[in-house]
Amino acid sequence: RTSFSTVLVNQPYVTSLEQLYERAALALPQFERTVEALARATGGLAVVAPLKGKERAKLKALFKYKDAGGGGVAWYRLTDIVRGTLVFDSVRGMYDGLEAVVQCADFEVKELNDRYQLPMASGYCDIQLVVQLAQHMCELQLTTEAMHRAKQTSGHRTFEVVRELRAAIPEG
């Protein structure tokens with residue numbers, strides 16, 4: 001599972017997707033302010049998404065975090081409801097940006113996957129972090145402008161389609 005999560009990072013426990021989204025909505029404004037401040041300080045571009053769509057989150061959780069016995073879903077394992085990207089002109093700028101993220105007082109880095117060192121099978125690369133902001137886990141990606149453009153066209157979406165298909169097949 002090269003380039004996938006290597007650390008078990010969870011949200012504080014929640015019993016429902018709705019409860020997770022309530023907490024995420026509270027965290028999003030501060031996350032956006034912090035990512036934008038980091039972009040200004042490092043010469044990057046901040047791209048902060050709205051909260052991840054509930055249907056996408058549900059599909060991901062059903063695929064990755066559903067109990068094998070058909071029981072519940074570990075909603076607290078979803079760490080990308082609040083998410084953003086810092087885009088840089090160069091690889092050097094991206095790694096300088098990473099240093100700024102690690103030193104950022106608002107974020108505590110809980111996981112770091114450098115997919116420039118170990119690219120995904122498709123060749124897609126980024127630096128993917130899970131950062132804790134207050135009591136909420138958020139996903140922050142750092143990438144170059146060229147890779148960001150590739151992701152927006154086809155690269156990462158192919159991975160998402162395959163994941164959704166694999167989740168749907170056992171469900172009929």
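Applying the under-4.5 Å side-chain rule to Ile, Leu, Val, Met, Phe, Trp and Tyr, the cluster around Leu26 consists of that residue alone.
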Verdict with reasoning, Asp96 to Phe88, per side chain to side chain contact (heavy atoms under 4.5 Å, CB included): CA-CA 10 Å; Asp96 289 344; Phe88 297 92; over 6 Å; no
Pair Tyr95-Leu142, side chain to side chain contact (heavy atoms under 4.5 Å, CB included): steps then yes or no: CA-CA 8 Å; Tyr95 281 103; Leu142 281 69; over 6 Å; no
Side chain to side chain contact (heavy atoms under 4.5 Å, CB included) between Arg33 and Asp106, worked out: CA-CA 10 Å; Arg33 285 190 302 272; Asp106 289 345; over 6 Å; no
Candidate pair Leu28 and Val48, rule side chain to side chain contact (heavy atoms under 4.5 Å, CB included), full reasoning: CA-CA 9 Å; Leu28 181 60; Val48 178; 4.1 Å; yes
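Judged purely by atom type and a 3.5 angstrom limit, Glu99 has no side-chain atom pairing as donor or acceptor with the backbone of Val101. One N or O on the side chain of Tyr21 and one on the backbone of Lys52 form a donor-acceptor pair closer than 3.5 Å. A donor-acceptor contact shorter than 3.5 Å is absent between the side chain of Glu139 and the backbone of Arg83. Between the Arg23 side chain and the Pro12 main chain, a donor and an acceptor come within less than 3.5 Å of each other.
Between Cys138 and Leu133 the shortest heavy-atom distance is SG-CB, 4.3 Å. When all heavy atoms of Ala46 and Leu86 are compared, the pair lying nearest together is CA-CD2, 4.2 Å. Counting all heavy atoms, side chain and backbone alike, Thr42 lies closest to Gly97 at CG2-CA, 4.0 Å. Heavy atoms only, all atoms of each residue included: Leu38 and Ala100 are closest at CD2-O, 3.8 Å. The shortest heavy-atom contact between Val109 and Val131 is CG2-CG1, 4.1 Å. The shortest heavy-atom contact between Gln11 and His136 is OE1-ND1, 3.3 Å.
If you chain together hydrophobic residues whose side chains sit under 4.5 Å apart, Leu45 and Val35 never meet in one group. Both Val14 and Val73 belong to a common hydrophobic cluster when Ile, Leu, Val, Met, Phe, Trp and Tyr are linked at side-chain heavy-atom distances under 4.5 angstrom. Connection of Val47 to Val91 is not established within any shared hydrophobic cluster, with ILVMFWY side chains joined at heavy-atom distances below 4.5 Å, either directly or through further cluster members.
Between the CD atom of Glu55 and the CG atom of Leu17 there is a distance of 9.5 Å, given to the nearest 0.5 Å. Separating the CG atom in Leu62 from the CH2 atom in Trp75 is a distance of 5.0 Å, to the nearest 0.5 Å. Atoms CG and NZ, from Leu59 and Lys54 in turn, are 14.0 Å apart once rounded to the nearest 0.5 Å. Rounded to the nearest 0.5 angstrom, Thr143 OG1 and Gln128 CD are separated by 11.5 Å. Expressed to the nearest 0.5 Å, how far CD1 of Ile81 lies from CG of Leu51 amounts to 7.5 Å. Remark: Thr79 OG1 to Leu20 CG distance equals 9.5 Å, nearest 0.5 Å.
The only option from Gln117, Glu111, Arg115 that meets the side-chain hydrogen bond (donor to acceptor under 3.5 Å, both in side chains) definition with Asn113 turns out to be Glu111.
Tyr116 has its side chain within reach of Met94: a pair of non-hydrogen atoms, C-beta onward, lies under 4.5 Å apart. Side chains of Thr144 and Val87 form no contact here, defined as non-hydrogen atoms less than 4.5 Å apart. Arg77 places a side-chain heavy atom less than 4.5 Å from the side chain of Leu8.
Between Asp80 and Lys60 a salt bridge is recorded (basic side-chain N to carboxylate O distance below 4.0 Å).
Ring geometry, Tyr13 versus Tyr76: the interplanar angle falls from 30° to 60°, so the pair is classed tilted.
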